[in-house]
Amino acid sequence: MHKLNIRPARPDDIDRIMALEDGGFHERIQEDKSVMLERMRHFPAGFLVLANDNDQATAYLCSELWNDGGGMEESAFALGHDIKATHREDGNQLYISSMTIDREHRGNGLGKKFFQQSIHMLRTQLTQLHGSILLLSAEWLGAHKIYQDSGYTETARLKDFFAAIATHDADAIIMQTQFSACLLYTSDAADEGLGV
């Protein structure tokens, strides 16, 4: 598997990021442009894009750092939450606050590759990380498979968290993974998404 062109998001990516947000999420759970710009400003290392040959974003992943046991209250997962209130520079848990990929690239494995290579990049840069947390709708089966294949397991549910958009199951699933103490990465392992 080839290494993807993943780079930190820039302010000039914001319109494309918002187009991805619009194509990736129901309008009732889309983040505002101001929230995305604040996340980019406050934790630039944690906001990544997958750039195409024209350097245009075709996917994004934004994250923040939490401490063990900290930030897990339901309000920390809320739409539009203030990253300044939850992010800790020395945090050892990587919270994936949002990720999506352009619709035309879905279903071919690119989303999974982007996710796994992004996590590898962040783990390499942020050596204090012990694990990672994310939240998704119980109805997002494709995303659930990507995260499960990447070593995440369900640890809790937030009842009716996605009631505004659900068709049959409004629960939010909290998934977590723990990182091994030593990183045994080779360039080939990173390209294969191993060690996540």
Side-chain angles (χ1 to χ4, degrees), residues 8-44 46-50 56-66 70-87 93-108 110-112 114-115 118-119 122 132-150 152-177:
R10 303 181 305 248
D12 65 309
D13 292 315
I14 193 61
D15 290 337
R16 181 62 187 144
I17 288 168
M18 297 315 298
L20 292 168
E21 179 82 356
D22 184 53
F25 297 101
H26 189 286
E27 63 183 13
R28 291 186 178 178
I29 61 166
Q30 290 173 15
E31 294 288 11
D32 290 334
K33 183 188 279 191
S34 61
V35 170
M36 293 300 213
L37 284 168
E38 187 60 28
R39 289 177 181 175
M40 202 182 298
R41 278 191 292 266
H42 196 71
F43 184 39
F47 205 132
L48 302 175
V49 297
L50 171 60
Q56 182 181 49
T58 59
Y60 79 80
L61 178 146
C62 60
S63 63
E64 55 196 71
L65 299 178
W66 292 356
M72 286 291 288
E73 54 277 345
E74 188 169 333
S75 63
F77 296 105
L79 181 70
H81 74 271
D82 183 358
I83 189 173
K84 294 187 298 297
T86 52
H87 176 76
Q93 295 291 319
L94 181 71
Y95 170 55
I96 310 300
S97 55
S98 190
M99 179 205 150
T100 195
I101 188 166
D102 193 306
R103 287 180 188 217
E104 70 181 54
H105 295 293
R106 292 183 193 163
N108 62 7
L110 186 60
K112 179 178 174 180
F114 170 61
F115 180 76
S118 295
I119 297 298
L122 292 167
S132 180
I133 304 162
L134 56 84
L135 174 138
L136 71 158
S137 166
E139 295 184 341
W140 298 345
L141 301 181
H144 191 274
K145 174 126 177 59
I146 287 172
Y147 303 138
Q148 195 170 41
D149 288 351
S150 301
Y152 288 73
T153 57
E154 180 177 335
T155 57
R157 286 193 176 224
L158 300 178
K159 186 152 182 60
D160 295 328
F161 188 88
F162 286 105
I165 63 163
T167 57
H168 65 278
D169 189 343
D171 286 358
I173 298 172
I174 297 173
M175 299 184 81
Q176 292 184 265
T177 189

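Shown here are the ring-ring contact (aromatic ring centres under 6.0 Å, His included) partners of His26, two or more places apart in sequence or in another chain: there are none. By the ring-ring contact (aromatic ring centres under 6.0 Å, His included) test, Phe161 is found to be paired with no residue, residues two or more places apart in sequence or in another chain being considered. Judged as a side chain to side chain donor-acceptor pair (under 3.5 Å), and not counting sequence neighbours, the contacts of Ser98 are Tyr60. Partners of Ala163 by side chain to side chain contact (heavy atoms under 4.5 Å, CB included), not counting sequence neighbours, listed by chain and number: Asp160, Ala170. Remark: Tyr95 pairs with Trp66, Phe77 by the ring-ring contact (aromatic ring centres under 6.0 Å, His included) rule, at least two apart or across chains. Among residues two or more places apart in sequence or in another chain, the side chain to side chain donor-acceptor pair (under 3.5 Å) test is passed with Glu139 by Thr167, His168.
Atoms CD1 and CG, from Ile101 and Asn108 in turn, are 6.5 Å apart once rounded to the nearest 0.5 Å. Remark: Ser97 OG to His87 NE2 distance equals 11.0 Å, nearest 0.5 Å. Distance CD1/Ile119 to OG/Ser150: 8.0 Å, rounded to 0.5 Å. With rounding to the nearest 0.5 angstrom, the CZ atom of Arg103 is 10.5 Å from the CG atom of Leu20. Here Ser137 contributes atom OG and Ile29 contributes atom CD1; the two are 7.0 Å apart, rounded to the nearest 0.5 Å.
Across all non-hydrogen atoms, the minimal contact from Ala9 to Val49 is CB-CG1, 3.8 Å. The two atoms that bring Ser118 and Leu61 nearest to each other are CB-CD1, 4.1 Å, heavy atoms only. Scanning both residues, Ser63 and Phe43, for their nearest heavy atoms gives O-CD2, 3.1 Å. The two residues Pro8 and Asp13 have their closest heavy-atom pair at O-OD2, 4.4 Å. In this structure, Gln93 and Ser132 approach most closely via the heavy-atom pair OE1-N, 3.4 Å.
Side-chain contact check for Phe162 versus Leu135: some heavy-atom pair is nearer than 4.5 Å. The side-chain heavy atoms of Thr100 and Arg106, taken from C-beta on, include a pair separated by under 4.5 Å. A heavy-atom distance below 4.5 Å is found between the side chains of Leu122 and Leu48. Proximity of His81 to Arg39: side-chain heavy atoms (C-beta onward) are separated by under 4.5 Å at one or more points. With contacts defined as side-chain heavy-atom distances shorter than 4.5 Å, the pair Ile17/Lys33 does not qualify.
Between the side chain of Arg157 and the backbone N or O of Asp171, no donor-acceptor pair lies under 3.5 Å. Looking at Asp82, its side chain does come within 3.5 Å of a backbone N or O of Lys84 through a donor-acceptor pair. A donor-acceptor contact shorter than 3.5 Å links the side chain of Glu21 to the backbone of Glu31. Of the possible donor and acceptor atoms, none in the side chain of His105 sits under 3.5 Å from a partner among the backbone N and O of Asp102. For Arg28 (side chain) and Ile165 (main-chain N/O), no donor-acceptor pair under 3.5 Å exists by modelled atom type. Using a distance-only test at 3.5 Å, with no hydrogens or angles considered, a donor-acceptor pair links the side chain of Thr58 to the main chain of Leu50.
Taking the six-membered ring for Trp and the full ring otherwise, the centers of Phe25 and Trp140 sit less than 6.0 Å from each other.
Of the listed residues (Thr177, Ile133, Ile173), just one forms a side-chain contact (heavy atoms from CB on, under 4.5 Å) with Tyr152, and that residue is Thr177. Each of Thr153, Leu134, Thr155 was checked for a side-chain contact (heavy atoms from CB on, under 4.5 Å) with Met175, and the lone residue meeting it is Leu134. Partner Gln30 forms a side-chain contact (heavy atoms from CB on, under 4.5 Å) with one of Asp22, Val35, Leu79 and no other, that one being Asp22.
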Q: Any chance you could lay out the side chain to side chain contact (heavy atoms under 4.5 Å, CB included) test for Met40 and Ile14, step after step, and finish with the verdict?
A: CA-CA 9 Å; Met40 202 182 298; Ile14 193 61; 4.1 Å; yes

